[in-house]
Amino acid sequence: MKKLLVTALCFMSFAFLSAQTPEYKDWANFGKFTEANKTVEKPVAVFMGNSITEGWWHNNQAFFTSNNYVNRGIGGQVTSQMLVRFRPDVIDLHPKVVVILAGINDIAYNDYAVPLKNTFENIASMADLARANNIKVILCSTLPAYKFPWRPGVEPAPLVKELNKMIKDYADKTGDIYLDYYSAMVDERGGLSAENASDEVHPTAQGYRIMEPMVKAAIEKAVK
């Protein structure tokens with residue numbers, strides 16, 4: 001009886017401790033592309049980004065597959081998350097070029113409130129890592145945004161302009177290619193028109209059609 005009681009108590013203790021074990025979160029979402037990365041061979045370019053990049057894949061997969069481009073966008077991500085997964089999702093794939101489009105979720109405070117300077121430094125650090133591994137860098141301007149449907153108190157338009165100036169100045173200094181989507185897509189409010197983004201942030205098919213020839217030309221320039 002005593003042995004049975006001890007066994008029962010041990011089982012209850014284990015169950016209690018198991019219930020208290022926290023659910024661990026893959027904060028940077030390393031797991032999203034773990035299996036897909038195993039089959040990648042010598043891509044021309046890897047696109048690193050957030051939902052704007054991920055949505056591009058869903059909108060037109062043929063643009064990537066026909067050009068040997070790899071899409072590594074993850075919806076909702078801020079630049080710090082992209083930076084920590086930059087090695088497995090970009091460097092270890094050995095592309096000729098990386099296309100970095102980032103920053104809008106930092107401005108929207110998706111994960112935390114961060115100074116714009118730190119957002120820029122995360123983008124610059126990704127570019128530094130790429131160059132250190134003989135990967136050409138294309139730094140994309142952050143797309144225009146007049147407002148965020150999910151963050152109504154934020155006024156992003158001036159912050160986007162300020163961040164883009166930081167990115168362009170850095171690209172001018174390092175010799176990286178600066179790809180100016182902003183000037184090609186901005187409307188009179190400092191945002192994206194309904195034609196180019198139905199929700200003020202994420203491009204429509206028309207928006208991506210503006211971006212595709214621009215980035216393809218930039219990649220071709222980078223690999224010459």
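Fair warning: this is a prediction, and the values are worked out from it, not measured in the lab.
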Supply the atom-to-atom distance [X] [atom1] to [Y] [atom2], rounded to the nearest 0.5 angstrom.
X	Y	atom1	atom2	answer
Ile167	Cys140	CD1	SG	8.5 Å
Arg209	Asn59	CZ	CG	8.0 Å
Ile138	Lys221	CD1	NZ	9.5 Å
Ile177	Leu139	CD1	CG	9.5 Å
Lys136	Lys224	NZ	NZ	12.5 Å

Under 3.5 Å, side chain of [X] to main-chain N/O of [Y], donor-acceptor pair present?
X	Y	answer
Asp180	Ser141	no
Asn133	Ile135	no
Asn68	Lys42	yes
Ser51	Glu54	no
Thr142	Ala102	yes

Any residue meeting salt bridge (Lys or Arg N to Asp or Glu O under 4.0 Å) with [X], in chain and number order, not counting sequence neighbours:
X	result
Glu35	Lys38
Lys165	Asp169
Asp172	Lys168
Arg131	Asp128, Asp176

Mind jotting down which residue pairs meet the salt bridge (charged side-chain N to carboxylate O under 4.0 Å, His left out) criterion with at least one end in [range]? Sequence neighbours excluded, please.
range	value
residues 69-97	Arg85-Asp89
residues 210-220	none
residues 188-197	Asp187-Arg189, Arg189-Glu200

Quick one: does [X]'s side chain get under 4.5 Å of [Y]'s, heavy atoms only?
X	Y	value
Met126	Leu129	no
Trp57	Thr65	yes
Pro203	Leu143	yes
Gln81	Asn105	no

May I have all residue pairs that pass ring-ring contact (aromatic ring centres under 6.0 Å, His included) and include part of [range], sequence neighbours excluded?
range	result
residues 25-53	Phe47-Trp56, Phe47-Phe64, Phe47-Tyr69
residues 165-204	Phe120-Tyr170
residues 134-162	Phe148-Trp150
residues 126-145	none

Taking [Y] as the starting point, is it possible to reach [X] by hopping between hydrophobic residues whose side chains are less than 4.5 Å apart?
X	Y	result
Met214	Val97	yes
Val78	Val154	no
Leu159	Leu192	yes

* Asked: Taking Thr79 as the fixed residue, which of Asn122, Thr119, Asn118 is the one that meets the side chain to side chain donor-acceptor pair (under 3.5 Å) rule?
  -> Asn122
* **Partners meeting side-chain contact (heavy atoms from CB on, under 4.5 Å) with Ala132 (sequence neighbours left out)** => none
